[in-house]
Amino acid sequence: MKNVRGLRFVFVCNEANRTGVPLLLLRMIKWMREEHAISSLVLFVRGGQVEEEFKQVAQVFCWTRTKASQRRRYLSLPTKFKGLFYRIF
């Protein structure tokens with residue numbers, strides 16, 4: 001990766017279950033954090049078994065467990081959060 005040190009990333013994932021994509025995302029965030037000193041925010045539609053592990057390496061927001069009034073501030077994240085925006089399925 002070229003010149004990403006210090007950037008903040010936003011990742012979106014359907015759920016935090018112990019399945020392929022969430023586990024791959026967790027490994028990727030851990031690697032990027034260790035190798036490139038990035039910080040990240042992970043937006044989950046639903047939580048799951050590995051949510052606590054994500055909280056150790058990133059800021060975590062779970063859509064289904066958040067009040068509607070708090071959700072509004074996260075809708076504008078792509079414009080406020082500097083860096084890249086990834087959507088993980």
Side-chain angles (χ1 to χ4, degrees):
M1 294 184 111
K2 186 175 160 183
N3 215 12
V4 296
R5 186 166 298 283
L7 288 180
R8 295 179 289 173
F9 289 78
V10 176
F11 298 94
V12 178
C13 191
N14 284 342
E15 56 194 12
N17 286 328
R18 198 167 291 285
T19 57
V21 172
L23 292 178
L24 177 65
L25 178 60
L26 181 60
R27 284 184 126 190
M28 186 175 77
I29 291 172
K30 285 179 178 179
W31 177 79
M32 291 175 72
R33 186 174 177 216
E34 291 170 7
E35 297 293 322
H36 299 287
I38 62 112
S39 60
S40 56
L41 168 68
V42 182
L43 299 172
F44 288 112
V45 176
R46 294 175 298 279
Q49 302 112 346
V50 293
E51 190 174 344
E52 291 303 316
E53 292 178 51
F54 273 96
K55 288 180 180 179
Q56 294 174 8
V57 295
Q59 182 182 357
V60 174
F61 173 77
C62 184
W63 190 262
T64 56
R65 286 198 301 266
T66 306
K67 296 177 184 177
S69 60
Q70 292 176 319
R71 289 179 184 171
R72 283 187 209 104
R73 76 177 198 184
Y74 286 95
L75 290 174
S76 61
L77 273 175
T79 56
K80 289 182 179 178
F81 217 75
K82 304 295 183 227
L84 300 177
F85 187 89
Y86 284 104
R87 182 162 186 231
I88 305 291
F89 293 92

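Remember, it's a predicted structure, so these values are computed and weren't measured experimentally.
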Note: Ser40 and Val57 closest approach over all heavy atoms is OG-O, 4.1 Å
For Arg18, is there any backbone N or O sitting under 3.5 Å from a side-chain donor or acceptor partner on Gln49?
yes
Which atoms form the tightest heavy-atom contact between Asn17 and Gly47, and what is the distance?
OD1-O, 4.1 Å
Side-chain heavy-atom pair Glu51, Cys62 within 4.5 angstrom cut-off
yes
CG of Leu26 to NZ of Lys30: how many Å apart, nearest 0.5 Å?
4.5 Å
Could you tell me whether the side chain of Leu25 reaches within less than 4.5 Å of the side chain of Phe54, counting heavy atoms only?
yes
Starting from Leu24, can I reach Val45 by hopping between I/L/V/M/F/W/Y residues whose side chains sit under 4.5 Å apart?
no
Would you say CZ of Arg46 has more than 12 non-hydrogen atoms from neighbouring residues, nucleotides or ligands within 6.0 angstrom?
yes
Could you state whether Phe11 and Leu23 fall into the same hydrophobic cluster, counting links through intermediate Ile, Leu, Val, Met, Phe, Trp or Tyr residues with side-chain heavy atoms under 4.5 angstrom apart?
yes
Are Leu43 and Trp63 side-chain neighbours, meaning at least one heavy-atom pair lies under 4.5 Å?
no
Would you indicate whether the side-chain heavy atoms of Lys55 and Glu52 approach each other to under 4.5 Å?
yes
Which pair of heavy atoms, one from Ser39 and one from Arg8, lies closest together, and at what distance?
OG-CG, 2.7 Å
Give me the atom names and distance for the closest heavy-atom approach of Leu41 to Val60.
CD1-N, 4.3 Å
